[in-house]
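In what follows, every heavy atom counts, from backbone to side chain, and hydrogens, waters and symmetry copies are set aside. Just so we're on the same page: letters track the sequence lines, and every chain starts at 1.
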Amino acid sequence: MTQSVVVQGELQGRVGTLSLAADRPVPNGYSFSLLSLIAVGQCGNQIGCCFWDLALREHAAVNQKGIYDEAISSFFRNVDTRVVGDGGSISKGKICSLKARAVLIDMEEGVVNEILQGPLRDVFDNKQLITDISGSGNNWAVGHKVFGSLYQEQILEKLRKSAEHCDCLQCFFIIHSMGGGTGSGLGTFLLKVLEDEFPEVYRFVTSVYPSGEDDVITSPYNSILAMKELNEHADCVLPIDNQSLFDIISKIDLMVNSGKLGTTVKPKSLVTSSAEALKKQHQKPFDGMNNIVANLLLNLTSSARFEGSLNMDLNEISMNLVPFPQLHYLVSSLTPLYTLADVNIPTRRLDQMFSDAFSKDHQLIRADPKHSLYLACALMVRGNVQVSDLRRNIERLKPSLQFISWNQEGWKTSLCSVPPVGHSHSLLALANNTCVKPTFMELRERFMRLYKKKAHLHHYLQIEGMEESCFAEAVSSVSGLIEEYKQLDATLGTPVEDLPRLSVAV
Amino acid sequence: MSIVTVQLGQCGNQIGFEVFDALYNDSHCPQGLCSKRENEVYQESCKERFFSEEENGVPVARAVLVDMEPKVINQTLSKAAQSGQWKYGQHSCFCQKQGSGNNWAYGYSVHGPRHEEPIMNLIQKEVEKCDCLSGFFIIMSMAGGTGSGLGAFITQNLQDQYSNALKMNQIIWPYGTGEVIVQNYNSILTLSHLYRSSDALLVHENDAVHKICAKLMNIKQISFRDINQVLAHQLGSVFQPTYSMEGSYHYRRNPLGINWQVRPPLSGLPPLGKVSLNRELHFNTSIANLVILRGKDVHSADLGGFKDPELYTSWLAPVNAFSAWKTQRAFRKYEKSAALVSNSQFLLKPLDTIVGKAWNMFASKAYIHQYTKFGIEEEDFLDSFTLLEQVVASYCNV
């Protein structure tokens, strides 16, 4: 049955670039395309927690009248807490109590418990949690096979419930790390479940990759086993490097502590610190790093939530940035990270923002896109930036970037009017670039060093359903991916020629 | 005679608003530079074309707004209502929750059939409000998913359902350097389908309008709003009433009356490769031109330059190929203004470029899986390429 929506035309209230539905009566039966965040494992939940904190603050800053509007509804339900059971959802009017559209999954209780006791406890209810106590022991097989089968029904049930509350679920965001057991194993198990149960809903995965010096010895096994699942069941993956995040935070600290140019940290900045972490700045080093990833997700979804002169929905990201199904790994870079908001340095020019986005310092993964091949690139801009600014900067930056022959003008752009809190504009660049190849090759290298010696394999093989062939298939999947990137790289430097066209009779 | 406008997608709706705003503002402009009676007749004519009457007297645009996501329509409706001077109909919108993802196949094969009934019903309602329907004005972009794909589908439907009414599509040609990566695919699919069902394609290139904003208007930070307003101004100056044969006080009843569907005769084609030595090689050859003059001294304006046979093809004489419409009533306070609508080779280069780029991408099969997922197969692409290569060749040989 088609669902058509009839919109009332009479409106009052101010209309400007930043106004939302503040004074407008929301018509009946009007619900929006929605996003759901699933955090799996310790890392995933820590990032998730930062995300919800930032999301709430962003919406609070933008929506000053406390009306439950379309933008908020994308990430939050509005619930009348006096109503017991499931019937409490309110679709319009004043904000009563916001509940995050989230599912929190962890096989240890520590992180989730902390969240539930912290300032965000009212944003989640226990129907959204799946926890266990024993943990996955940094073992992908435990996460994937043991907990996967144990919790499959529960997970499905909670997802179906959360999907029930939305008329139209656009996208699942999964956050996890690759190197451990729960996030890596159970997180990727989840992908298959989502694909079967909700085949039309996009699966965006934010994956934190382990660095070479990761203290989990078996992280290469976990990562490669997880990569196979990402290759086959994710629509889009944003690989994140802990090392890159660490480097960014270090640079910010350096700028702040060096007292350069009379720099001071602005208290309202959302870029690196949540309110809590600001107080205990060096006690929780991961918080700053997690906030960066949280900002990534916030900016990624901004054009879908807020208005602008050139909107970009999440399905457009996949459409434009994934030319071939397997090649769906995107390098992200975010700016500003430490200008303007965090530190009082002279305002940088708008154009500098674009240059920064293409500087390695702003990437969330260590890679060298400028010396590799771009398959596609998306620029998602927020704030008072217009199409002429976009075009001027694309013209300026293009010559230093190499695009594949059949996509010489491969730019996807969006303009969202609402800037992030504390900034006048921001830019998120997502690139599908062959520069991810070395990351995967390194990972495979570390995997092979362990696998050749059969080190620690027994921990995995003793799990029911795990065989050596699982390992062989996984590394083969990653090798296939690397090979595809190699073939594309081989075209680097070859002259771009136009192909002969169809000749037709007139 | 009335025109029903169908606004599709973000681009279509953003532009549509500016067009109606421009039309309204012009028709209510106090300085018409003409007599009061003249002004009144002009206003009446404009109103009949583009607005319908409502109980409280506020004119309602004869428009149907369609989009697959809600944000833009919301904004459009609120901007119109805010002006307090004109508005869109309360029940004139069709909206969904999740866009077309820049996917022509999704717009055409999924949204089209799924929402055909309610959308065509809305259009029917709007048509019924007209005493006499002249035709449809469909505003859409080529680069995205809704305007392009759903727009092509709806135009086809209009062709089937209202075969006697004229269909003119306002298509927005995207910037050369990407707004959307798959814009060339979306464009060739759109154009090839529209060629089969539309009567006229009115083209505006983002790059060209951008240049106008930058060079002629000196706007520093050009926004899409600036671009849309220039577009709306141009369209307004084309669509506002002009005198019919009877002269003053009688406005042309058929606003889309020009016969743009001029096809070269099948036999008697001039031999290919013939080059006239007198031809000005830097002029695009025109098939037909329409000049619209508004304001002071329209009757004494010298249009000789437009009648030069060098501008035209050999098989259509200037007397048939060239038309001029005039009115003394000034447009938007401009003492004199002129507009040129041209069916010529001007689009040859941009069209050729788009086809070339799409072809290169198609050869690598990049992004094709996104289209086949929703039922647009490689053969459909090849059909589109074939048709457009024929169009390119036809215009080349003009």
Side-chain angles (χ1 to χ4, degrees), chain A residues 2-13 15 21 24 30-33 70 167-168 170 306-311 313 315-316 318-325 375-376 378 386-389 391 394-395 398 404-413 415 498-499 501-506, chain B residues 10 14 69-75 77-82 87-91 93-99 101-103 114-115 117-118 145 175-182 210 214 221-225 227 355-357 359-361 363-364 366-367 369-370 385-386 389-390 393-394 397:
Chain A
T2 55
Q3 281 193 54
S4 60
V5 180
V6 172
V7 180
Q8 320 261 312
E10 292 301 307
L11 302 155
Q12 307 159 321
V15 173
R24 185 152 31 120
Y30 207 14
S31 65
F32 287 81
S33 178
E70 303 95 11
D167 284 346
C168 180
Q170 189 178 140
F306 300 118
E307 65 199 21
S309 62
L310 193 57
N311 296 338
D313 265 334
N315 47 13
E316 292 172 37
S318 180
M319 177 70 184
N320 284 285
L321 294 177
V322 182
F324 301 101
L375 302 179
Q386 302 300 342
V387 64
S388 56
D389 301 312
R391 300 182 50 69
I394 291 178
E395 284 306 305
K398 235 172 65 148
I404 197 160
S405 65
W406 43 259
N407 209 1
Q408 290 278 293
E409 278 94 17
W411 297 91
K412 163 71 180 159
T413 55
L415 294 166
D498 282 335
L499 295 162
R501 300 258 292 270
L502 278 180
S503 54
V504 293
V506 181
Chain B
Q10 172 163 32
Q14 280 174 186
E69 62 109 342
K71 295 194 294 292
V72 181
I73 286 193
N74 276 353
Q75 256 200 314
L77 290 175
S78 87
K79 277 200 284 194
Q82 238 219 337
K87 61 181 189 179
Y88 284 104
Q90 261 195 338
H91 303 288
C93 312
F94 181 82
C95 192
Q96 284 298 283
K97 292 152 220 152
Q98 183 177 337
N102 285 166
N103 192 328
R114 200 182 275 177
H115 309 301
E117 211 182 297
Y175 285 101
T177 32
E179 293 169 31
V180 170
I181 292 178
V182 290
H210 192 105
Q221 198 190 24
I222 301 167
S223 66
F224 272 114
R225 183 132 203 260
I227 296 200
V355 174
K357 289 196 191 147
W359 185 246
N360 280 340
M361 195 181 265
S364 71
Y367 300 104
H369 72 283
Q370 308 270 17
F385 281 116
T386 310
E389 294 285 8
Q390 283 174 336
S394 300
N397 294 330

Check your understanding: Are more than 12 heavy atoms from other residues, nucleotides or ligands located less than 6.0 Å from atom CD of B:Gln221?
Key ->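 Yes, enclosed.
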Among the options [options], pick out the one with the most heavy-atom pairs lying under 4.5 Å from chain B.
| options | result |
| --- | --- |
| A:Leu375, A:Ile404, A:Leu499 | A:Leu499 |
| A:Lys398, A:Met319, A:Lys412, A:Glu395 | A:Met319 |
| A:Thr413, A:Asn407, A:Val387 | A:Val387 |

Counting only heavy atoms closer than 4.5 Å, note whether [X] contacts chain B via side chain, backbone, both or neither.
| X | value |
| --- | --- |
| A:Leu310 | both |
| A:Gln408 | neither |
| A:Asp498 | both |

Check your understanding: When the aromatic ring centroids of B:His115 and B:Phe94 are compared, is their separation below 6.0 Å?
Key ->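 Yes, ring centres under 6.0 Å apart.
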**Study point:** Listed partners of B:Glu69 passing side-chain hydrogen bond (donor to acceptor under 3.5 Å, both in side chains), at least two apart
**Key:**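 side-chain hydrogen bond (donor to acceptor under 3.5 Å, both in side chains) list for B:Glu69, sorted by chain: A:Asn311, B:Lys71.
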Review point. With sequence neighbours left out, what residues match A:Glu409 under side-chain hydrogen bond (donor to acceptor under 3.5 Å, both in side chains)?
Key: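 Per chain and number, A:Glu409 pairs via side-chain hydrogen bond (donor to acceptor under 3.5 Å, both in side chains) with B:Lys357.
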Review point. For the side chain of B:Ser364 and the backbone of B:Met361, is there at least one donor-acceptor N/O pair under 3.5 Å apart?
Key: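 Pair found, side chain donor or acceptor close to backbone of B:Met361.
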Exercise for review: May I ask you to decide if A:Ser309's main-chain N or O and A:Gln386's side chain share a donor-acceptor pair within less than 3.5 Å?
Suggested key: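 Not confirmed, A:Gln386 side chain does not pair with A:Ser309 backbone.
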**Study point:** Leading residue by heavy atom contact count with chain A [cutoff under 4.5 Å; candidates B:Gly356, B:Ala214, B:Ala80, B:Ala363]
**Key:**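 Heavy-atom pairs under 4.5 Å are most numerous for B:Gly356.
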